[in-house]
Amino acid sequence: STRSATEDEYNPLRRCAPSPFSRIAMRFGKGDATSARMMSLASRIAHSDATVLIQGETGTGKELVAQAIHQNSPRKNRPFVALNCAALSENILESELFGHIRGAFTDASADRVGKFEYATGGTLFLDEVGDMPLPTQIKLLRVLESGEITRVGSNEQIKVNVRILSATNRDLEEAIRNGTFREDLYHRLKVLTVRLPRLSERTGDIPLLIEHFIQLHSARHHKKIKS
């Protein structure tokens, strides 16, 4: 059977105030002409529901671009949910993406909603998607094709309404040639593409990126970092 992930189930997320990161994202690109052109493109594609692949070196602000796309989109009052695909093992990544049911594995003591369900109505940002294991790539492809997820350990299909933004610092075409990334998933993820120039080409963005990373690590480590 198939059911839909509803707003009522996840309503507390929809009442969240804009994060400091989203406020920074709305200022991103205003200090540099090269970035201003890039963010103008991001603003234009924000109103589409097409997938977007954001490409650029580490530390160039890929998540800020994703935040800006979300904040300029019709989904801006819905959740923006980010997941780093490089930081997790295959099993944990699948549980984070799709959720799991009680008893699905040894430590699954209760049902757990995954990021797709949390993001219903909003945007799911898959950072470092080029590091995703091949078996998980297959499952992500199925979700993109069907609009449905299945929690780990369950047979029940759940409809989700999520816009997918993804980012990578890898050359995915080379990864396809090497057999570490699926070509069909690549084309599904890059209906639209934003390429971030090197920071050496957009030095006006550096102060804002410093502010972003200070806030990011302050939140992550529960410490106030002034400078």
Side-chain angles (χ1 to χ4, degrees), residues 10 13-87 115-116 118-131 144 160-170 172 186 188-220 225:
Y10 315 110
L13 279 166
R14 284 158 172 72
R15 294 196 294 269
C16 291
S19 72
F21 311 128
S22 66
R23 289 191 285 271
I24 291 175
M26 294 304 288
R27 291 156 47 204
F28 193 52
K30 294 185 178 178
D32 184 273
T34 301
S35 290
R37 290 191 293 272
M38 175 188 68
M39 294 307 291
S40 175
L41 169 63
S43 179
R44 291 197 301 274
I45 67 179
H47 297 280
S48 164
D49 251 359
T51 60
V52 181
L53 179 62
I54 304 166
Q55 297 174 299
E57 295 178 351
T58 299
T60 50
K62 295 187 290 294
E63 183 167 352
L64 287 175
V65 173
Q67 284 266 13
I69 292 171
H70 174 74
Q71 291 297 324
N72 282 285
S73 78
R75 296 175 178 265
K76 65 183 179 181
N77 295 320
R78 305 300 189 195
F80 176 91
V81 179
L83 180 64
N84 189 323
C85 300
K115 295 293 191 288
F116 266 99
Y118 272 127
T120 289
T123 301
L124 178 59
F125 173 58
L126 301 177
D127 198 8
E128 304 303 347
V129 73
D131 293 278
L144 291 171
V160 289
N161 172 18
V162 175
R163 185 183 190 180
I164 301 293
L165 308 179
S166 55
T168 185
N169 59 7
R170 294 182 180 272
L172 292 187
Y186 172 65
R188 284 277 184 173
L189 291 174
K190 68 173 291 288
V191 173
L192 299 168
T193 305
V194 177
R195 291 183 176 86
L196 274 67
R198 292 187 174 98
L199 282 179
S200 60
E201 300 172 36
R202 32 188 273 261
T203 55
D205 282 336
I206 291 175
L208 194 61
L209 284 166
I210 291 171
E211 182 182 349
H212 165 66
F213 287 117
I214 286 174
Q215 290 195 10
L216 181 67
H217 289 286
S218 293
R220 184 172 294 166
I225 305 172

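Under the side chain to side chain donor-acceptor pair (under 3.5 Å) criterion, Thr123 pairs with His70, not counting sequence neighbours. Applying the side-chain contact (heavy atoms from CB on, under 4.5 Å) criterion to Ile45, with sequence neighbours excluded, gives Leu41, Val52, Ile69, Leu192, Val194. Under the side chain to side chain donor-acceptor pair (under 3.5 Å) criterion, Arg188 pairs with no residue, sequence neighbours left out. Ser43 meets the side-chain contact (heavy atoms from CB on, under 4.5 Å) test with Asn72; sequence neighbours excluded. Here Lys190 pairs with nothing under the side chain to side chain donor-acceptor pair (under 3.5 Å) rule; sequence neighbours left out. Listed by chain and residue number, Arg75 satisfy the side chain to side chain donor-acceptor pair (under 3.5 Å) test with Asp49 (two or more places apart in sequence, or in another chain). For Arg170, the salt bridge (charged side-chain N to carboxylate O under 4.0 Å, His left out) partners are Asp131, not counting sequence neighbours.
With a 4.5 Å cut-off on side-chain heavy atoms, Leu53 and Leu172 count as touching. Using a 4.5 Å cut-off on side-chain heavy atoms (C-beta onward), Val65 and Leu165 make no contact.
Pairing each heavy atom of Pro79 with each of Tyr118, the nearest pair is CG-O, 3.5 Å. When every heavy atom of Ser73 is checked against every heavy atom of Ala46, the shortest pair comes out as CB-O, 3.1 Å.
Residue pairs meeting the ring pair (Phe, Tyr, Trp, His ring centres under 6.0 Å) criterion with at least one member in residues 37-56, sequence neighbours excluded, do not occur. For residues 118-129, the set of pairs meeting the salt bridge (charged side-chain N to carboxylate O under 4.0 Å, His left out) definition, not counting sequence neighbours, is empty.
Rounded to the nearest 0.5 Å, atoms CZ (Phe125) and CD (Glu63) are 5.5 Å apart. Once rounded to the nearest 0.5 Å, the distance linking OG1 of Thr51 with CG of Leu189 reads 6.0 Å. Within the model, atoms CG of Leu126 and CG of Leu83 stand 6.5 Å from one another, a figure rounded to the nearest 0.5 Å. Atom NZ of Lys76 and atom CD of Gln71 lie 8.0 Å apart (nearest 0.5 Å).
Looking only at distances, a side-chain donor or acceptor of Arg163 sits under 3.5 Å from a matching main-chain atom of Ala50. Side chain of Lys62 to backbone of Glu57: a donor-acceptor contact under 3.5 angstrom is found.
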Could you go through the side-chain contact (heavy atoms from CB on, under 4.5 Å) check for Ile164 and Phe116 one step at a time? CA-CA 10 Å; Ile164 301 293; Phe116 266 99; 3.6 Å; yes
